[in-house]
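Note sheet for the following structure.
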Amino acid sequence: MPTIEIDELRCKGCGLCTIACPKKLITLSEQINNHGYTPALFQETEIKCTGCALCAEMCPDVAIKVFK
Amino acid sequence: MPTIEIDELRCKGCGLCTIACPKKLITLSEQINNHGYTPALFQETEIKCTGCALCAEMCPDVAIKVFK
Amino acid sequence: MFMAGYGGQGVLLAGTLLAQAAIVEEKNVSFLPSYGVEKRGGAAVCTVVISDGDVGSPVVGNPSVAVILNQSSLDKYGPRIKPGGICIVNTSLVDLSGFPRKDLDIIAIEMNAVAREIGDARMVNMVAVGAYAARTGAVSIDALAEALKDTLPERNHRFIPANVRALEAGASLIGKSGQV
Amino acid sequence: MFMAGYGGQGVLLAGTLLAQAAIVEEKNVSFLPSYGVEKRGGAAVCTVVISDGDVGSPVVGNPSVAVILNQSSLDKYGPRIKPGGICIVNTSLVDLSGFPRKDLDIIAIEMNAVAREIGDARMVNMVAVGAYAARTGAVSIDALAEALKDTLPERNHRFIPANVRALEAGASLIGKSGQV
Amino acid sequence: MQQVFRRPESLKDVQTHFCPGCHHGTIHRIVAETLDEFDLARKTIGVASIGCSVFLYSYFDLDVVESPHGRAPAVATGVKRARPDRFVFTYQGDGDLAAIGTAEIIHAANRGEDITVIFVNNTTYGMTGGQMAPTTLPGQRTSTSPYGRRSEKEGFPVRVAELLSGLDGVAFSARAAVNSPRNIMDAKKQMKKAFRYQIEGKGFSFVEFLSACPTNWGMGAIEANERVGREMCEYFRLGTFKNTANL
Amino acid sequence: MQQVFRRPESLKDVQTHFCPGCHHGTIHRIVAETLDEFDLARKTIGVASIGCSVFLYSYFDLDVVESPHGRAPAVATGVKRARPDRFVFTYQGDGDLAAIGTAEIIHAANRGEDITVIFVNNTTYGMTGGQMAPTTLPGQRTSTSPYGRRSEKEGFPVRVAELLSGLDGVAFSARAAVNSPRNIMDAKKQMKKAFRYQIEGKGFSFVEFLSACPTNWGMGAIEANERVGREMCEYFRLGTFKNTANL
Amino acid sequence: MAKRLLVRGNEAICMGAIEAGCRYYFGYPITPQNDIPEFMSREMPGLNGEFIQAESEIASINMVLGAAATGARAMTSSSSPGISLKMETISYMAGMEIPCLIVNISRSGPGLGGIDASQGDYFQAVKGGGHGGYHIIVLAPSSIQEMYDLTMLAFDLAEIYRMPAMILGDAVVGQMKEPLIPHPRPHRELPAKDWALRGTEEGGQRVVKSLFLGDGELEAHNWKLFAKYRDLAAKEARWEDYETADATLIATGFGSAARIAKTAVAMAREEGMKVGLLRPITLFPFPAKAFASATEHCKTVLDIELNTGQMVEDVRLSVARDAEVHFYGRPSGTGSLPTPEELLEQIRRYYRN
Amino acid sequence: MAKRLLVRGNEAICMGAIEAGCRYYFGYPITPQNDIPEFMSREMPGLNGEFIQAESEIASINMVLGAAATGARAMTSSSSPGISLKMETISYMAGMEIPCLIVNISRSGPGLGGIDASQGDYFQAVKGGGHGGYHIIVLAPSSIQEMYDLTMLAFDLAEIYRMPAMILGDAVVGQMKEPLIPHPRPHRELPAKDWALRGTEEGGQRVVKSLFLGDGELEAHNWKLFAKYRDLAAKEARWEDYETADATLIATGFGSAARIAKTAVAMAREEGMKVGLLRPITLFPFPAKAFASATEHCKTVLDIELNTGQMVEDVRLSVARDAEVHFYGRPSGTGSLPTPEELLEQIRRYYRN
Ligand SMILES: Cc1ncc(C[n+]2csc(CCOP(=O)(O)OP(=O)(O)O)c2C)c(N)n1
Ligand SMILES: Cc1ncc(C[n+]2csc(CCOP(=O)(O)OP(=O)(O)O)c2C)c(N)n1
Ligand code: SF4
Ligand code: SF4
Ligand code: SF4
Ligand code: SF4
Ligand code: SF4
Ligand code: SF4
Ligand SMILES: [Mg+2]
Ligand SMILES: [Mg+2]
């Protein structure tokens, strides 16, 4: 099943992946990480990740790996 | 009667007036002037100067006065 | 006086406020900021020298008072504080357990917590300044309150009361226990 | 040795030729050109120092020999010639009547006329060099003739005979009268 | 299961200093992917300019030379002439390329140097704190146009990709944006074309990237990203302005 | 009998240092006539550049400031901003304007500075002895392109009038030649239009003059004059490239 | 007590410039002096002045050249690499005798270096980094009040001597905030600007240029400039003298280094050492006589600079022949600003009773 | 006797550069050095090298930076105003430790000035006209043979010390023709260029830069550069000593001025005066020790320069404490080149038996 992995330490919480995902599977955390950012969280609902990698393409920090 | 006056000391003998005059009334002298140039000479023949000033317009050294 | 934290904690604003308060009290003062090349996430550091006479060097090698707002600042600047000096630490973000110096008067305040308590998490810097002022007497809380007018841009004057509350909260922690 | 004229008289070529001839004779030499900012009609001046030993200064304040090709050069440089020195003058273009110095060995040559006589009006510079060489013995006419090969670009080598004739014509004027 | 998206090899696995949502990161990745794709990384010499991208060597695993502000095209010219067998690119901001470096970019382009120029237009001087750039939009407030850019005194934004395409030496000139996955795909295609021009020795190639600078625009990352599509793409038309060999 | 052609008043009655047949003289006269015509001479500040026209102040009876090589448009910007009530023009060669001064001309033009730029294109560096210029024609031999300009390494001649007309700040841009009485008449018209733009406060105006440099082209004056019409006018098209107010 | 404002050094320069009547600012961004163009971009429009962010440092100094050639007070500011780019034009302006103000809030080098406070540009400023052997007036403030006052002075001296003037500061005096007492521009007799361009309707032709081709003309022009420099040295050298009268060691330095050194000197005095500070305020003209006379009695000088040794050459050229000049340098970069404690250590090292 | 060619100084530089293996020339026209780009434009194509007439002096020095960063021998040449424009990049190259050759056939200034021989750029060349406190190697030929030989030396020293080198000449040594004996480039041990860029396929990443932001990094880098300068002074100072052994007056000067002075000294000797000449060949490193030891016994020094006084500061800083240093300057311009007779007059003025 397609999925993604977000590198919490690389993520700067910009949120660009959240608007890129056509399935709206990514949100920003409420918690601040070590660098002071609120990183992105991947959470599947009944809608599943298609592995389209649009989120990863949008991520300026190359913080997302996509598997399919 | 239209005529022109060539300032011998300003003339650098470039000859551009000679090709500009539609009546071919200007030639270059054989004699070197004080600055080492062969200045232009105005000489009417049976053909007369029309005062068209084309020679003066062409002269880079503003060495020609035109009267009409 | 030396204050260090990370960008966004309001270190430079706090330093400016202190300097302005010194002016209110007709003292001499210098405020020297310094921050990393990166615009975000870098360290923010400033030195404020308050004096009744001439202010000499705006750079201080071994400050007698340091206000430390985050862990990396303690690690970096902790060793430089003058023996016998005062070190005011934001223990919300700093773990003092590994800090070796015993020759300092260490004042530990959970500044983030205090700030949250008074209702504005961003007021950590004001809590720190309040504590500093109360502990050292370098400037009065009144002068600080007065100075806020010149320090904050007009459009932020509506936040002055909140800032004053934070200053007072910081001061009161000193006042309460003499030594926290 | 100092040579001055106006641009177009071949002063720099003449100087280079002299320098090259000195090399042919295994002497030391320096050639220093100088000319006005304007590309045309300016003054052209050069200094050639020939020596059996080291050449020191390429700049000479009071040359012992001067070759003067036009009037303005005489006016400007005449006064600088070393007392007792030699002054070779192109009287085709220079009027010596107003020249006050009596302490010089003045050699007057109608160089333009001489050049025209041998058939090439542009050879004024060569006439001058020939006269100079003959008068001072600094270099031989043979060395000059030899040097022409290195001085003139390949495509002008066909003019070498004419140049040599001019050199010789200049020299012969000295030869003939010892002192013109 | 297979990894279908990964960090390109020529991009080092380190945290960048770029602000959250800064498109420099995206553009870095696109450049790195293209280098990987053509297997160029190990025969490349990169030319860094002065701006937020000055740390090129910290992020790209390439030989890199730093150049004085605005001079990267001249430096790249020197590199390429000395090592014509290497792949050479510059990476420059709009302050760097379109202001102080105007003469250098125009003449490197006009000579048709066999290099690739990557131009990041974020309508401001990012590194120095958001001053007005030659590409700042009319009315845009920056730290040195506090009342908004007044075109009658400060001129209009320079459209560099179009300007350069007017020079005979330019083989390829295009403008791309990275504000949406779709534009990113297009941007990669333009980057590939530009690289192919150099690989095939066909002359000067140029890609302008519209880029967000959330920090100096005083916007959140998402809002800044939207501004690129809304305001910038309108003034700076995306597309190919010159493509001499039709690659 | 009446004098129908005379030396313009703002041109001093002195011999110039220009070589025989050099078009700088003609262009000087055209500029002076236009100044006279609009009665501008006494409220003008001229900006001289470095090149054969460096002695502007010796020939024009105007207040003049000299500018470092290539920087005349920046100097003129400073003059005009400080004295907006004065008429300000620069007079620049192709080495000066199109090489070292590229950034300054492009940005003064782009800002739409209210100045007039007189650009003399003679396809070479006249004053320094005939080196290759950005405007040197393909194949043209110069002292630094001894084998002829090789476009593949040295690029193509820059068409400045066209290039500038692509900038929004430019109000008027034209190219003229002075190689025949007819072209001289046209050139005067272009000069007048350019001046009117500034007089009416309508923005940046620019006229490029094709010009002969017999000395460095290694030609007689007449032959050089002919080359302008034969070779230059072909590559550098005469005409108006921008005329925003249709003056 | 007059109203004291808490002002950043860079802004004090702007306030001084505006008070001095400067209405033309041309610049280009570079850290750590961006406060200056930013301040001027806010203020100039309202003052009927002009602010241009030019396409480069070269363009900006040439805009200054143009504006100043009309007699207007004009300025530019930059930091080290940007100042290097201005060298050609500064040489022109010196040769053309155009007054103006150039601010260098210098940063650490060479090359791109860093943005920390540095004094690596002393030679460039004082000896003439441009070609042709010229000098400009160089003032080195060490407090915010001086940033303000010396800016006004710079404009006046520039006009009196018809030459460019420079404020040479760094990130310490540029970024620091201190109380500033603004005051009206002090009155100084200024010569008429009979050279300024304005169109001949106001008189005969005026030409502002540096090209001199007549026989001997350029040499005479150079000696004329040289005479100005000597005049400046005689009349305008300024320095701060702090406790040197009985000193057996004199510390010296300029700008921010001197400011730090002063505290070290005070600390030394507290320890009973007879130490003083002689701080050049004008770097050009260099206060050579002050050094000569101070070293009549005090034979040990310790020069402190944020570089590997520049002003020390002028100190050595100025002191009495038998004086010893020591040097302590911290070429700057991140984390390299010396502290008063560190300088006190150096004083102890060379101090003899 | 080997074949002697009559060669112009500017061309001797080109011949030396080509013999030294330089195949990359980038320049921009300016009098009086146009022979150099013109020569190189003729020769480079046939030698499989590259000649670019760049759009400006700034572009040319940056092309040099790029080519030299790959380890190639590259050069540029210009004259004073053009050299001023290169200051920023020269500071970069010093900071980046890139070897290269810069030729300055300097002209009279300041500003546009004139095209006559001048030594007004000594300070700029030697003290570092760019920002940040760096130095470059500066060699001052005074004959055509030296133009050739020192050009080769400059390339080697630049590589050995990894820094830019400059030939500082003027129109006299640039335009003058003298016999030249060409010879193969002398062998010198050169270090491996393990820093040169070449693409990582030949090893790990290489970066050529001058930005150092780590704590203390830039300061350490500056001290490292400083150590090179000291090393240079110890190992590479070169000078000509002419009859100084028994001299009671030593004349000094560099380049063309020294050449003229040498004849004046010879004339003085002929008059029976004990006069010598000490001519620095390397201006940086300055041969300070030669001056110190020569002035152990000879207490009068007469420095002659084509400016209002520049090298004289280094002479003063170098001589024995009790030596007197006099200065005679002719800031140059049309008609201002001093003659040997004139300098002899100056020698007489200061000569004491
Ligand atoms: C000669 C010089 N001038 C100015 C600077 C300061 N400076 C550093 S980066 C920069 C411009 C940054 O803007 P841009 O090129 O648009 O890049 P961005 O940071 O926006 O990506 C400037 C002006 C410098 N380093 N050198
Ligand atoms: C900074 C600088 N670089 C180079 C020069 C030398 N120089 C003088 S005039 C000139 C160019 C002349 O060419 P152009 O601008 O085409 O004018 P022209 O003489 O052809 O009319 C040059 C390069 C200079 N004076 N200053
Ligand atoms: S791969 Fe596609 S579907 Fe999956 S999280 Fe990313 S954008 Fe959403
Ligand atoms: S785009 Fe990347 S950096 Fe931004 S929030 Fe998503 S994962 Fe984090
Ligand atoms: S005025 Fe006309 S006709 Fe008369 S000479 Fe001149 S060109 Fe010829
Ligand atoms: S055009 Fe003028 S300069 Fe030329 S020959 Fe005729 S009169 Fe003389
Ligand atoms: S300042 Fe702007 S350009 Fe620079 S890293 Fe931040 S967002 Fe990107
Ligand atoms: S060199 Fe050329 S441009 Fe200069 S005056 Fe002579 S002909 Fe005219
Ligand atoms: Mg930008
Ligand atoms: Mg030209």
Side-chain angles (χ1 to χ4, degrees), chain C residues 2 12-39 42-64 76-77 80-83 85 139 143-144 146-153, chain G residues 1-9 31-32 35 107-108 112-117 142-145 171-181 240 242 253 256-267 269-270 277 304 306 330 332-345:
Chain C
F2 179 88
L12 303 184
L13 180 67
T16 307
L17 178 67
L18 262 174
Q20 189 65 49
I23 290 187
V24 170
E25 295 197 346
E26 307 207 336
K27 292 180 173 163
N28 284 316
V29 65
S30 75
F31 160 80
L32 180 69
S34 92
Y35 29 62
V37 192
E38 293 113 52
K39 295 192 62 79
V45 166
C46 76
T47 308
V48 179
V49 180
I50 299 175
S51 154
D52 292 324
D54 253 19
V55 168
S57 172
V59 179
V60 175
N62 307 123
S64 48
K76 185 156 178 195
Y77 303 107
R80 291 211 203 142
I81 303 166
K82 186 178 273 178
V139 291
L144 286 164
E146 175 69 25
L148 276 168
K149 289 184 214 151
D150 285 311
T151 308
L152 294 177
Chain G
M1 205 175 191
K3 168 107 176 132
R4 300 188 310 161
L5 306 174
L6 186 67
V7 175
R8 186 191 303 272
T31 310
D35 314 293
R107 51 190 258 179
S108 43
L112 186 51
I115 58 171
D116 294 274
S142 82
S143 70
I144 287 358
Q145 190 69 44
V172 168
V173 287
Q175 299 292 333
M176 181 167 87
K177 290 185 182 180
E178 278 189 324
L180 168 72
I181 304 177
E240 178 190 356
Y242 173 69
S256 51
R259 180 82 186 247
I260 303 172
K262 194 170 176 180
T263 293
V265 166
M267 290 161 92
R269 280 270 165 193
E270 267 174 37
L277 177 78
I304 295 156
L306 306 185
R330 290 293 306 262
S332 75
T334 308
S336 299
L337 211 53
T339 63
E341 291 81 358
E342 176 183 341
L343 300 185
L344 176 60
E345 203 47 56

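Chain letters run A, B, ... following the sequence lines, proteins first, then strands; residues in each count from 1.
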Got a second to check how far [X]'s [atom1] is from [Y]'s [atom2], nearest 0.5 Å?
X: Leu5(G); Y: Asp150(C); atom1: CG; atom2: CG; answer: 8.0 Å
X: Glu341(G); Y: Lys82(C); atom1: CD; atom2: NZ; answer: 6.5 Å
X: Arg4(G); Y: Asn28(C); atom1: CZ; atom2: CG; answer: 5.5 Å

Of all heavy-atom pairs between Val59(C) and Pro338(G), which one has the smallest distance, and what is that distance?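 Minimum heavy-atom contact is CG1-O, 3.7 Å.
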With a 4.5 angstrom heavy-atom cut-off, is it the side chain or the backbone of Leu343(G) that approaches chain C, or both, or neither?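 For Leu343(G), no heavy atom lies under 4.5 Å from chain C.
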What part of Pro32(G) gets closer than 4.5 Å to chain C, counting heavy atoms only: side chain, backbone, both or neither?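 No part of it gets close to chain C.
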Counting only non-hydrogen atoms closer than 4.5 Å, does Ala22(C) touch chain G with its backbone (N, CA, C, O), its side chain (CB onward), both, or neither?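 Contact with chain G involves the backbone of Ala22(C) alone.
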Heavy-atom pairs under 4.5 Å with chain C - which of Thr31(G), Val172(G), Asp116(G) has more of them than the others?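 Going by pairs under 4.5 Å, I would pick Val172(G).
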Where the side chain of Thr263(G) meets the backbone of Ser57(C), is there a donor-acceptor pair that is under 3.5 Å apart?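 Such a contact is found between Thr263(G) side chain and Ser57(C) backbone.
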Mind checking whether Thr16(C) and Arg8(G) have side chains closer than 4.5 Å, heavy atoms only?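 In short, these two side chains do not touch, never coming nearer than 4.5 Å.
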Ser30(C) side chain reached by Arg259(G) side chain, heavy atoms, under 4.5 Å: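 Yes - at least one pair of side-chain heavy atoms lies under 4.5 Å apart.
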Residues of residues 46-54 of chain C near chain G, each having a heavy atom less than 4.5 Å away: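 Checking residues 46-54 of chain C against chain G gives Asp54(C).
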Quick one: side-chain hydrogen bond (donor to acceptor under 3.5 Å, both in side chains) partners of Arg330(G), sequence neighbours excluded?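 Checked Arg330(G) against side-chain hydrogen bond (donor to acceptor under 3.5 Å, both in side chains); matches are Glu342(G), Glu219(H).
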